[in-house]
Amino acid sequence: MSATADRLSWRQWFGFMAMVLGMFMAILDIQIVSASISDIQAGLAASPDEAAWVQTSYLIAEIVMIPLSGWLSRLLSTRILFVGSALGFTVFSLACAWATSLGEMVVFRAAQGFIGGAMIPTVFATTFLLFPGEKRTQMSVLIGLTATMAPTIGPTLGGWLTDQYSWHWLFLINVPVGLIVAGAVWTCLDIDKPDWSLRRNFDLFGLVLMASFLGALEYVLEEGNRWDWFQDETIAWCGVIAVVAGALFFWRMLTRRDPLVELRAFANANFAFGSLFSFVLGLGLYGSVYLVPLFLGRVRGYDSLQIGETMFVTGAAMFLSAPIAGQLARVVDLRVMLAVGLVMFGSGLWWMANLTVDSAFWELFGPQALRGASMMLIMLPVNQIALGRLPPAAVKNASGLYNLMRNLGGAVGLAMINTIATSRLAVHTQHLDEQVTWSRSAATQALGNMTHMMTAAKAGNAHLAALGRMAMMVQQQALTLTYNDVLLLMAGSFFLALPFTFLLAKPATAAGGEAH
């Protein structure tokens, strides 16, 4: 199927939509487990630190596959790679549901993430190979909406499934969907042919270097804050491995005639800056999806359903803004559209950085709606800017690198959030503790009032109960101030990225047809 074709058959449309559903499933699985990790921990008789590997193993494996997918799709063809990825993802989803020990679960989750990770960049590449001009923009809206919606609703859906059924359904839900996706793509979509000659030059050493570099880097980012970063021997060794393997990997990819990952794509300025914006978007997207539920759970005491209802605003705003973004992309310079989206997203985070311990649905409605509406104004032009000016032969490889940058942005963002939150929480707690002392009349008066209320409520030792209540209030205030600090820093990253929009070459709009 030519990338310049004007019409697609219903079979090809159906096959492509099945690919989008498969991508949604793969991205969703990054976050769907997060709300139910304690249930999985209990079911597998694991400790909290051990249970974290259920998430970490998936992320490490997926982040290794994403850049490898470009080479695999040239070797196997888009159809064979995607169908194999969907079937493998489905098989190991079933294995995860049947896991009886933590060791089994970690192995199955790693396999699920590695094999399923190929679906994400393959869909991005197919959009640019299959659709011309205006249709490409329409599909980019759909792809962008899918890529940003999945992590937004993941924790909510995961919490609901666990609450209504059991944690096993976090994985069982993938089985029928995966089979349908694989069958639809195999029978309906065939856009290129495999190039088996690539087997002769397969770079096994390059693959080992890439896996070591990305795997060690992801582990350091995911686990560093929990283990006090490089004070921990394992983290320190993984840091060394990441640096050494990374240097060797870049050297090997830049000196080989037929590299496993074509890093020379970054020589294209628009692709390089588009990948930077993808990194920033990953930081804001995954960071906000992590931070807001954390505030609602730890400060407001919300359960997963209440958190989902509050977070729904962001998803609804994305849906409503998607067609508007698609229309704007036809008539507005995509660089201007991107700049507006960055300002809106940063402003939404800045606005939200006014949290109080009483902030609830309506206090969060405005900033969440603004952030959701801005998502498509960033995602759509970034896709076009990064990939739209590349030759078709380079798109498959570049799509893997582009998606890798978004995932790395999320990993760096979460590491930054946890590290800064830990240090700022200590600062704010110390500052508030200094204000709540026996020498402060307001503090002693508040303690007296609480003691009186506890006495009236017949709460056992009323004085101790009042002290406990006051300590909890201090902790809530410190957490709220901490989250505000982190939100401000996240907002700053979007404002800092804004000047780079002026360095972009003008990409073609949808109305302008193909980029050159």
Side-chain angles (χ1 to χ4, degrees), residues 1-5 8-9 11-23 25-26 61-62 64-92 111-132 136 139 143 178-211 252-253 256-265 387 390-404:
M1 178 69 200
S2 169
T4 59
L8 298 179
S9 68
R11 291 170 63 87
Q12 290 166 322
W13 274 106
F14 185 72
F16 178 74
M17 295 306 294
M19 290 183 74
V20 174
L21 179 59
M23 182 186 78
M25 185 172 63
E62 184 189 55
V64 172
M65 168 54 81
I66 285 176
L68 181 62
S69 62
W71 184 86
L72 285 174
S73 109
R74 286 183 287 135
L75 172 71
L76 302 172
S77 81
T78 299
R79 180 174 73 156
I80 293 176
L81 175 61
F82 192 92
V83 171
S85 180
L87 288 175
F89 182 88
T90 303
V91 167
F92 283 105
Q112 184 192 31
F114 183 76
I115 298 175
M119 287 191 280
I120 301 169
T122 304
V123 175
F124 276 83
T126 301
T127 305
F128 282 82
L129 295 172
L130 200 60
F131 297 97
R136 179 187 296 172
M139 292 304 102
I143 298 278
L179 293 175
I180 292 170
V181 165
V185 174
W186 182 260
T187 56
C188 298
L189 200 63
D190 189 9
I191 61 174
D192 54 14
K193 300 300 178 186
D195 182 3
W196 299 110
S197 66
L198 292 173
R199 289 179 300 176
R200 291 195 297 269
N201 297 319
F202 177 64
D203 186 9
L204 178 61
F205 184 54
L207 175 60
V208 171
L209 287 175
M210 183 178 71
R252 191 167 181 85
M253 293 305 105
R256 277 182 67 90
R257 181 176 300 176
D258 186 21
L260 194 65
V261 178
E262 183 54 89
L263 297 177
R264 295 180 185 89
L387 302 175
L390 295 173
V395 168
K396 289 183 179 180
N397 171 75
S399 175
L401 292 174
Y402 171 73
N403 282 278
L404 172 66

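Heads up: numbering here begins at 1 and tracks the sequence. Predicted model, so just to flag it, every value in this text is computed and none were measured.
- For A265 against A398, the heavy-atom pair with the smallest separation is CB-CB, 4.4 Å.
- Annotation: side chain to side chain donor-acceptor pair (under 3.5 Å) contacts involving residues 111-129, sequence neighbours excluded, comprise D29-Q112, S93-Q112, R109-Q112.
- With sequence neighbours left out, F114 forms a ring pair (Phe, Tyr, Trp, His ring centres under 6.0 Å) with no residue at all.
- The structure places OG of S69 at 12.5 Å from CG of L75, a figure rounded to the nearest 0.5 Å.
- Residues forming a side-chain contact (heavy atoms from CB on, under 4.5 Å) with M253 (at least two apart in sequence, or on another chain): D203, F249, P259, L260, V261, L263.
- To the nearest 0.5 Å, atom CD1 of residue I120 and atom CE of residue M65 are 11.0 Å apart.
- For F89, the ring pair (Phe, Tyr, Trp, His ring centres under 6.0 Å) criterion is met by no residue, not counting sequence neighbours.
- Of all heavy-atom pairs spanning P67 and V64, the tightest one is CD-O, 3.4 Å.
- Taking the side-chain contact (heavy atoms from CB on, under 4.5 Å) definition, one finds that L179 meets it with L87, T90, V175, sequence neighbours left out.
- Separating the CG atom in L76 from the NZ atom in K193 is a distance of 14.0 Å, to the nearest 0.5 Å.
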Listing, residues 78-85 side-chain donor-acceptor contacts under 3.5 Å, not counting sequence neighbours, or none:
| from | atom 1 | to | atom 2 | distance (Å) |
| --- | --- | --- | --- | --- |
| T78 | OG1 | D192 | OD2 | 2.8 |
| R79 | NH1 | W186 | O | 2.8 |
| S85 | OG | I115 | O | 2.4 |

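- Between the R74 side chain and the D195 main chain, no donor and acceptor come within less than 3.5 Å of each other.
- By the side-chain hydrogen bond (donor to acceptor under 3.5 Å, both in side chains) test, R264 is found to be paired with E262, residues two or more places apart in sequence or in another chain being considered.
- Taking all atoms of both residues into account, the shortest heavy-atom contact from G206 to R252 is N-NE, 3.7 Å.
- Atom CE of M210 and atom CG of L68 lie 4.5 Å apart (nearest 0.5 Å).
- Across every non-hydrogen atom of V185 and A18, the tightest pair is CG2-CB, 3.9 Å.
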